[in-house]
Amino acid sequence: MLGVTIERKEEEEEVYEVLPENWLALTIFTLVSTQWRIDSGHVIGLDYNALRWIFELKKEIIKNPIELLADIQVLEVNIVETLFKRSK
């Protein structure tokens with residue numbers, strides 16, 4: 001296209017199993033996965049205003065919002081810790 005050749009790296013795809021009881025948390029997390037709070041160039045956590053908005057939009061499928069929030073926070077803290085370790 002336009003006379004430009006783009007070389008694509010072939011990367012090995014990692015596959016992870018998600019337990020059924022964790023699927024909703026992962027699904028909701030992916031909806032807000034671009035909504036991070038950043039301070040001094042470092043990710044500090046999710047923007048909970050965006051998360052609240054998604055909870056409202058998906059309220060018909062969210063039966064236990066407190067439990068779901070706790071599950072999402074587990075994902076959040078692990079990602080923040082991983083990013084922090086990589087930045088050192």
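All values reported here derive from a predicted model rather than from experimental measurement.
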Please test Gln35 against Ile54 for side chain to side chain contact (heavy atoms under 4.5 Å, CB included), starting from the C-alpha separation and ending with a verdict. CA-CA 11 Å; Gln35 304 302 311; Ile54 294 296; over 6 Å; no
Cut-off 3.5 Å, no hydrogens considered: what does the side-chain donor-acceptor table look like for residues 64-72, sequence neighbours left out?
{"residue": "Asn64", "atom": "OD1", "partner": "Glu67", "partner atom": "N", "Å": "3.2"}
{"residue": "Asn64", "atom": "ND2", "partner": "Glu67", "partner atom": "OE1", "Å": "3.4"}

Decide yes or no for Phe29 and Ile79: does some side-chain heavy atom of the first lie under 4.5 Å from some side-chain heavy atom of the second? yes
Distance-only donor-acceptor hits, side chain of residues 41-53, under 3.5 Å, sequence neighbours excluded:
{"residue": "Asp47", "atom": "OD1", "partner": "Arg37", "partner atom": "NH2", "Å": "3.2"}
{"residue": "Asp47", "atom": "OD1", "partner": "Asn49", "partner atom": "N", "Å": "2.9"}
{"residue": "Tyr48", "atom": "OH", "partner": "Gln73", "partner atom": "NE2", "Å": "3.1"}
{"residue": "Tyr48", "atom": "OH", "partner": "Glu76", "partner atom": "OE1", "Å": "2.6"}

So how far is it from Leu26 CG to Ser33 OG, rounded to the nearest 0.5 Å?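 The CG atom of Leu26 sits 9.5 Å away from the OG atom of Ser33.
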Rounded distance [0.5 Å steps], NZ in Lys58 versus CG in Leu24: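 These two atoms lie 9.5 Å from each other.
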Mind checking whether Val77 and Val80 sit in one hydrophobic cluster, side chains of I, L, V, M, F, W, Y counted as touching below 4.5 Å? no
Group every Ile, Leu, Val, Met, Phe, Trp and Tyr by side-chain heavy-atom contacts under 4.5 Å, then state whether Ile61 and Leu19 land in the same group.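 They do not share one cluster, since no chain of ILVMFWY contacts under 4.5 Å joins Ile61 to Leu19.
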Checking the side chain of Asn78 only, and the main-chain atoms of Val74 only, is there a donor and an acceptor separated by less than 3.5 Å? yes
Thr27 meets the side-chain hydrogen bond (donor to acceptor under 3.5 Å, both in side chains) criterion, sequence neighbours left out, with Trp23
Take a 6.0 Å sphere around CD of Glu60 and say whether it holds more than 12 heavy atoms from other residues, nucleotides or ligands.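 Yes - once you tally the heavy atoms of other residues, nucleotides and ligands closer than 6.0 Å, there are more than 12.
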